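Bear in mind that the values here come from a model prediction, so they are computed numbers and not experimental data. Numbering of ligands and ligand atoms starts at 1, following listing order.
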Amino acid sequence: MAADTAPPFAPCSSPLPAMSMNYTPILDAIRRDLQPHLGSGRVADYIPELAKVRADHFGMAIVTVDGQVYRTGDADVRFSIQSISKLFACTLAFQLLGDALWERVGREPSGTAFNSLVQLEFEAGKPRNPFINAGALVVTDVLCRRFVQAETALVDFVRRLSGEAGIGYDLRVAQSELAHAERNRAMAHFIASFGNLEMPADTVIDAYCRQCAIEMSCVELARAALFLANGGVSPASGESVLDASSAKRLSALMLTCGTYDAAGDFVYRVGLPAKSGVGGGIVAVLPGEFAVCVWSPGLDATGNSAVGSLALEWLTTRIGRSIF
Ligand code: GLU
């Protein structure tokens, strides 16, 4: 998807007041204007089970910190959250270890593909950030060390955050990824060779593939990420997930590292901290106001949802609001 696709409307010249805003007509208009683009991009096929998903799905949901839900299209259809799970896994690991987490994982954008191995050699097995695969494997190692079943702890966590007890992971997707996980397996063993894994690499890979296979809808993901827009407190559960300062820090990491090596271009276009996944989902937050999730399975060359990125760009352009 071209980054310079012009919006079919005049950008908002003065920000619209947020709290009283009804986002439904805006979401519907975005969906309508995106029709010519639906189906563009390429559905991830390196995990064969993901290749079965139709490319022309489109859903989008906004959940505000005062509990209003706005949705359009396939906003209630569950999809494979893939790397969006890295956001929740990192939150749990940050809860457990605090700043000690950063002794094992960095906080810099990688500038390389999400599944790249090259930096690990030069940087002695310390991944650049928790949102690339290498960093996520170290984060999952932290969870495997703490919980009997890391993926179950993560599923319980997103169930609490979203208030949806029916969330789980798709075993077929997990097995499909496990059967094609040579690259992630190599990465885990390589990190282990530098002493940066505490659990066996195969245990970590198994938990990682299952957590990536969690299925959630746009509404559920927006609800689950809302604590980041709300000073670290989940409005759905009332749970203090992180203190306000840690929520700020995690959001900052999403901004700089959450959309693979396209993070710079994505922030330029959208202006929100976000985390994407190769299932075609992107979750983003506007602090103090809302969390938004969009799903459209066709990916651009950097692995981000092509139509999803465009939808978020058009959203912040239309409402005249972003973090800037
Ligand atoms: N399970 C995927 C992988 O490890 C996640 C990638 C992603 O969504 O970025 O390749």
Inset, instruction - Determine the minimum heavy-atom distance between Ala311 and Met60, stating which atoms define it. - result: O-CE, 3.8 Å
Output, or 'none' if empty, a list of ligand 1-protein atom pairs in which both atoms are N or O and the distance is under 3.5 Å, rounded to 0.1 Å.
| from | atom 1 | to | atom 2 | distance (Å) |
| --- | --- | --- | --- | --- |
| ligand 1 | 1 (N) | Gln82 | OE1 | 2.6 |
| ligand 1 | 1 (N) | Glu177 | OE1 | 2.8 |
| ligand 1 | 1 (N) | Glu177 | OE2 | 2.7 |
| ligand 1 | 4 (O) | Asn133 | ND2 | 2.9 |
| ligand 1 | 4 (O) | Glu177 | OE2 | 3.1 |
| ligand 1 | 4 (O) | Asn184 | ND2 | 2.9 |
| ligand 1 | 4 (O) | Tyr208 | OH | 2.6 |
| ligand 1 | 8 (O) | Ser83 | N | 3.0 |
| ligand 1 | 8 (O) | Ser83 | OG | 3.0 |
| ligand 1 | 8 (O) | Tyr260 | OH | 3.3 |
| ligand 1 | 8 (O) | Val278 | N | 2.8 |
| ligand 1 | 9 (O) | Ser83 | OG | 2.6 |
| ligand 1 | 9 (O) | Tyr260 | OH | 2.5 |
| ligand 1 | 10 (O) | Tyr46 | OH | 2.5 |
| ligand 1 | 10 (O) | Asn133 | ND2 | 3.4 |

Legend entry - Lys NZ or Arg CZ of Arg31 over Phe58 ring: under 6.0 Å, within 45°: no
Inset, instruction - Consider only side-chain N and O atoms of Asp28 and Thr72, and report whether a donor and an acceptor are under 3.5 Å apart. - result: yes
Legend entry - Ionic contact status for Glu215 with Arg78, cut-off 4.0 Å: no
Legend entry - Asn304-Ser276 side chain donor-acceptor pair, cut-off 3.5 Å: yes
Legend entry - Thr64 vs Tyr70 side-chain heavy atoms within contact, under 4.5 Å: yes
